[in-house]
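Following: one structure in structure tokens, then a few remarks.
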Number of protein chains: 2
Amino acid sequence: MSPSKLETEVPLKPAVFHILLALSEQVRHGLGIADEVEASTAGSVRLGPGTLYRSLKEMTRDGLVKEVPHPQQGEDPRRKFYCITTPGSEVLKAEAIRYEQIVEVARQRHVLPEAH
Amino acid sequence: MSPSKLETEVPLKPAVFHILLALSEQVRHGLGIADEVEASTAGSVRLGPGTLYRSLKEMTRDGLVKEVPHPQQGEDPRRKFYCITTPGSEVLKAEAIRYEQIVEVARQRHVLPEAH
DNA sequence: TTGACATCTATCCATTATGGATATATCCAT
DNA sequence: ATGGATATATCCATAATGGATAGATGTCAA
């Protein structure tokens, strides 16, 4: 069974999804997550401080992410770094598949061109 | 220029996106849209009546969809049918591309397997 | 070393979005 | 004609979001 209750289910809140995606390859701190989300979505998704820190708190409580020690020494001590957990990776994958299925439907409807 | 102001921008609200997608290939009435959304997302997205009719009203005001006469005679006269407009198709495509880019990022992060 | 400015986390609040209950009307089948 | 299903529509409580603000601390330059 899961390490926490983990009643988190897809569809995820967009903010939660993007935070998990930003953490999927590396540990990041709060504002670093927000920067990554903005960069990887070409600026179309921005996390305000309210959504960002509130989400991180809830996601920590729900066991989707976990605070970790600073990856480098000499790092700005004000920063809090987070990594994705195994349950976090699971729900991230489930949500990514859901997005993929929606894109598939869009292709079937000729909203998007055929797969690249 | 557009027939209406159309300040509708991506990211779309999920409900609006799914309604546009449901209308992308054929004219449908309110509950028919909700049924199609639920079917095409394997039940993971459901539009309650509040979200459904509120969205249709706003989308009509914004010029994303338009009410049309019944496609068949003898159709239940209580039904109101909607079709997607040209501006509606444009924002649908833009949002679908945005989804596709997110899926791409997920692939780069190895959250999803390589393209099928 | 001190002052000015930037960075970072955090909370609060107003606005927006959502879902569900409810209402009303009408269709359809028996 | 009567009962149950269908359909649109509104209302309200809850949830989600973004932006303003706060407060602490780092960085940099003079």
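Here is the naming used below: chain letters follow the sequence lines, and residue numbers restart at 1 for every chain. Bear in mind the structure is a predicted one, so any value in this text is a computation, not a measurement.
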Could you pull out the protein-nucleic contacts involving nucleotides 25-30 of chain C (nitrogen or oxygen on both sides, under 3.5 Å)?
residue, atom, partner, partner atom, Å
dT26(C), O2, Arg78(B), NH1, 2.4

When the side chains of residues 44-52 of chain B are checked against the rest of the protein, which donor-acceptor pairs come out under 3.5 Å, sequence neighbours left out?
residue, atom, partner, partner atom, Å
Ser44(B), OG, Thr41(B), O, 3.0
Arg46(B), NE, Glu38(B), OE2, 3.4

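Each end of the helix from dT1(C)-dA30(D) to dT30(C)-dA1(D) gets its own axis, taken as the rotation carrying the C1' atoms of four end pairs onto the next four within a five-pair window, and the two axes meet at 30° to the nearest 10 degrees.
Partners of His110(B) by ring-ring contact (aromatic ring centres under 6.0 Å, His included), not counting sequence neighbours: none found. Evaluation of the side chain to side chain donor-acceptor pair (under 3.5 Å) rule for Lys13(A) yields Glu58(A) as partners, not counting sequence neighbours. With sequence neighbours excluded, the residues that form a side-chain contact (heavy atoms from CB on, under 4.5 Å) with Gln101(B) are Ile97(B). Evaluation of the side chain to side chain donor-acceptor pair (under 3.5 Å) rule for Asp35(B) yields no partner, not counting sequence neighbours. Qualifying side chain to side chain donor-acceptor pair (under 3.5 Å) partners for Gln26(B), counting only residues two or more places apart in sequence or in other chains: none. Remark: Tyr53(B) engages no residue in a ring-ring contact (aromatic ring centres under 6.0 Å, His included) (not counting sequence neighbours). Taking the side chain to side chain donor-acceptor pair (under 3.5 Å) definition, one finds that Arg98(B) meets it with Glu95(B), sequence neighbours left out. Remark: Lys57(B) pairs with no residue by the side-chain contact (heavy atoms from CB on, under 4.5 Å) rule, at least two apart or across chains.
Checked against dG19(C), dG19(D), dA7(D), the side chain of Tyr53(B) finds its nearest nucleotide in dA7(D). Among the nucleotides dT11(C), dT9(C), dG18(D), the one closest to the side chain of Lys80(A) is dT9(C).
Rounded to whole Å, the distance from CG on Leu56(A) to P on dT9(C) is 9 Å. Rounded to a whole Å, the CZ atom of Arg54(B) is 14 Å from the C1' atom of dT15(C). As a whole-Å value, the separation of His18(A) NE2 from dA16(D) P is 16 Å. Atom CZ of Phe17(B) and atom P of dA17(C) are 17 Å apart (whole Å). With rounding to whole Å, Lys57(B) atom NZ is found 14 Å from dA17(C) atom P.
Not one side-chain nitrogen or oxygen of Lys13(A) sits closer than 4.0 Å to the OP1 or OP2 atom of dA17(C).
Each of Glu58(A) and Pro49(B) lies near DNA chain D, and the nucleotide nearest Pro49(B) is the one positioned closer to the 5' end.
Within residues 19-48 of chain B, the residues having any heavy atom closer than 4.0 Å to DNA chain C are, in order of number, Arg46(B).
The CG atom of Leu64(A) lies 9.5 Å from the OG atom of Ser89(A); values are rounded to the nearest 0.5 Å.
In this structure, Tyr99(B) and Phe17(B) have tilted ring planes: the angle between them lies in the 30° to 60° band.
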